[in-house]
*Asks:* 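The structure under discussion is supplied below as structure tokens; questions concerning it will follow.
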Number of protein chains: 2
Amino acid sequence: MDVEELLKKQRLKVTPQRKAIINVLESSDGVLSAQDIFTEVIKILPNINFSTIYRNLDLLLERGILCRITPESGGILYELRREEGHHHHVICKKCGASIPLDYCPMGNIEKELSRKGFTPTEHRFEIYGYCNKCSKKIKE
Amino acid sequence: MDVEELLKKQRLKVTPQRKAIINVLESSDGVLSAQDIFTEVIKILPNINFSTIYRNLDLLLERGILCRITPESGGILYELRREEGHHHHVICKKCGASIPLDYCPMGNIEKELSRKGFTPTEHRFEIYGYCNKCSKKIKE
DNA sequence: CTAATTGCAAATTGTTTGCAGTTTA
DNA sequence: TAAACTGCAAACAATTTGCAATTAG
């Protein structure tokens, strides 16, 4: 992916900080916390401040470049939004790997809801567990 | 519901603070934040401290008396667990009303996951939108 | 050049902890 | 009476803000 192009498309300035944040997210195949991102980015840009991380995460989220996961266990995780359009996530609890899922459960339930007078605007469906690699490790 | 009985069943001491917390959750038909709960409980017990709220929410959660929702928008919401067994939630973004849903999307996806070698342990499915009452108000 | 962006320091928010006194069973 | 529980004050972690200096376009 061309990070510079991605930013220019959104009319965001191409700063080293922004590039680093996106690069870190891109080179990870899963979800990362703000702290995880900071820990990685500071290796590239030793002067970066946490506030820059937060400000950019918010901005990139707004622009739809990232998506955000809030697991039941608490905390907030970020990942690069690789899939276009609507999708859900399967997330490994051990390594954080994130697998996109194109199946969406809403179709099955939408009619019943509207019959009850409920107007759905958003929904979430997330699956947590152990990925192929991590399942194997646990068994060993 | 008999709150005292509920607590005794869990071998928890019946304190006025605990009763108040559960009563507040019971009289609400939806999800509440820790702050919401505090605001209500302090009307009944003017000396209660936030730490008592948090400690009890954690405890009641552990015992399965409450359940917890972490919306995409952030924050943590609590509600009395009225339904037995596994279920999902439909939540009104305006009034916080929570409707239990017995439909579970996992059945449709489980096979595909195990074929990919992914071992699911938990999942979540939540729907947000506007309940019957609030949809009507918005249209008016 | 100028509007956007950053680093820094301080503030804020939400939650947790240690402890001594109180209450429940 | 012993263990569980509470209130208080202080600690803590995560996130946000104001501001002056810097930088990308």
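Quantities reported herein were computed from a predicted structural model and do not represent experimental measurements. Heavy-atom basis, side chains included; hydrogens, waters and symmetry copies ignored.
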*Asks:* Atom pairs under 3.5 Å, N or O on each side, protein against nucleotides 23-25 of chain D: can you list them with distances?
*Replies:*
from, atom 1, to, atom 2, distance (Å)
D/dA24, N3, A/Lys13, NZ, 3.3
D/dG25, OP1, A/Val14, N, 3.1

*Asks:* Given the rule that I, L, V, M, F, W and Y join up when any side-chain heavy atoms are under 4.5 Å apart, are A/Leu45 and A/Val3 in one cluster?
*Replies:*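 Linked within one cluster.
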*Asks:* Considering non-hydrogen atoms only, spot the tightest contact between B/Lys94 and B/Cys134 and give its length.
*Replies:*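 Answer, listing the atom of B/Lys94 first, then B/Cys134: CB-SG, 3.7 Å.
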*Asks:* To the nearest angstrom, how far is B/Phe38 atom CZ from D/dT6 atom P?
*Replies:*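 That distance rounds to 14 Å.
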*Asks:* Answer with yes or no whether the side chains of B/Gln17 and B/Thr52 bring together a donor and an acceptor at under 3.5 Å.
*Replies:*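 No.
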*Asks:* Could you tell me which non-hydrogen atom of B/Gly96 sits nearest to which non-hydrogen atom of B/Ile91, and how far apart they are?
*Replies:*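 Minimum heavy-atom separation between B/Gly96 and B/Ile91: O-CG2, 4.3 Å.
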*Asks:* Count the heavy atoms of every other residue, nucleotide or ligand shown that sit under 6.0 Å from CG of A/Asp2, and state whether that count exceeds 12.
*Replies:*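 Yes, enclosed.
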*Asks:* Please determine, by modelled atom types, if B/Thr39 and B/Asp36 share a side-chain donor-acceptor pair under 3.5 angstrom.
*Replies:*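 B/Thr39 vs B/Asp36: no donor-acceptor pair found between side chains.
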*Asks:* Provide the closest heavy-atom pair for B/Asn56 versus B/Arg18 in the form atom of the first, atom of the second, distance.
*Replies:*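 So the minimum-distance heavy-atom pair works out to OD1-NE, 2.7 Å.
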*Asks:* For the pair made of CG in A/Asp58 and C1' in D/dA14, what is the distance, rounded to whole Å?
*Replies:*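 Result: 13 Å.
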*Asks:* For B/Glu5, is there an ion pair with B/Lys9 - N to carboxylate O distance below 4.0 angstrom?
*Replies:*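 Judged by the 4.0 Å cut-off on N to carboxylate O distance, B/Lys9 and B/Glu5 do not form a salt bridge.
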*Asks:* Say whether B/Val41 and B/Leu61 are linked into one hydrophobic cluster, either directly or through other cluster members, by side-chain heavy-atom distances under 4.5 angstrom.
*Replies:*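 Yes; B/Leu61 is reachable from B/Val41 via cluster members.
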*Asks:* To the nearest Å, how far apart are B/Ile76 CD1 and D/dA13 C1'?
*Replies:*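 Rounding to the nearest Å, CD1 of B/Ile76 and C1' of D/dA13 are 13 Å apart.
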*Asks:* Among residues at least two apart in sequence or on other chains, which ones pass ring pair (Phe, Tyr, Trp, His ring centres under 6.0 Å) with A/Phe38?
*Replies:*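 Per chain and number, A/Phe38 pairs via ring pair (Phe, Tyr, Trp, His ring centres under 6.0 Å) with A/Phe50.
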*Asks:* Between B/Arg18 and D/dA4, is there a side-chain N or O to OP1/OP2 distance below 4.0 Å?
*Replies:*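 For B/Arg18, the contact criterion (side-chain N or O under 4.0 Å from OP1 or OP2 of D/dA4) is not met.
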*Asks:* Below 4.0 Å from chain B heavy atoms, what is the first contacting nucleotide of DNA chain C and what is the last?
*Replies:*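 It runs C/dG14 to C/dA25.
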*Asks:* Do B/His86 and B/Met106 have side chains that approach each other closer than 4.5 Å (heavy atoms only, starting at C-beta)?
*Replies:*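 Counting from C-beta outward, B/His86 and B/Met106 never come under 4.5 Å.
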*Asks:* Residues from residues 40-56 of chain B sitting under 4.0 Å of DNA chain D, heavy atoms only?
*Replies:*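 Hits under 4.0 Å, by residue number: B/Asn47, B/Ile48, B/Asn49, B/Ser51, B/Thr52, B/Arg55, B/Asn56.
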*Asks:* Please list residues of residues 61-69 of chain B whose heavy atoms come under 4.0 Å from any atom in DNA chain C, ordered by number; otherwise none.
*Replies:*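 Hits under 4.0 Å, by residue number: none.
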*Asks:* Without decimals, in angstroms, what is the distance between B/Gln10 CD and D/dC5 C1'?
*Replies:*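 The answer, rounded to whole Å, is 17 Å.
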*Asks:* Please give, in whole Å, the distance from D/dC5 C1' to B/Leu59 CG?
*Replies:*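 Value for this atom pair: 10 Å.
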*Asks:* Looking only at heavy atoms, what is the nearest atom pair of A/Glu4 and A/Lys19, with distance?
*Replies:*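 For A/Glu4 and A/Lys19, the tightest heavy-atom pair comes out as OE2-NZ, 3.0 Å.
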*Asks:* Is A/Tyr128 linked to A/Tyr130 within one hydrophobic cluster, defined over Ile, Leu, Val, Met, Phe, Trp and Tyr using a side-chain heavy-atom separation of less than 4.5 Å?
*Replies:*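 No; A/Tyr130 is not reachable from A/Tyr128 via cluster members.
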*Asks:* Answer with yes or no whether the hydrophobic clustering places B/Tyr78 together with B/Val90; edges join I, L, V, M, F, W, Y residues whose side-chain heavy atoms lie under 4.5 Å apart.
*Replies:*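 They do not share one cluster, since no chain of ILVMFWY contacts under 4.5 Å joins B/Tyr78 to B/Val90.
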*Asks:* Linking I/L/V/M/F/W/Y whenever any side-chain heavy atoms sit under 4.5 Å apart, do B/Leu12 and B/Leu80 land together?
*Replies:*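 In one cluster with B/Leu12: B/Leu80, yes.
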*Asks:* Mind grabbing the angle between the end helix axes of the helix from C/dC1-D/dG25 to C/dA25-D/dT1? Five pairs an end, 10° rounding.
*Replies:*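 Helix axis angle between the two ends: 40°.
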*Asks:* Could you tell me whether a side-chain N or O of A/Ser98 sits under 3.5 Å from a main-chain N or O of A/Val31, the two making a donor and an acceptor?
*Replies:*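 No, A/Ser98 side chain to A/Val31 backbone: no donor-acceptor pair under 3.5 Å.
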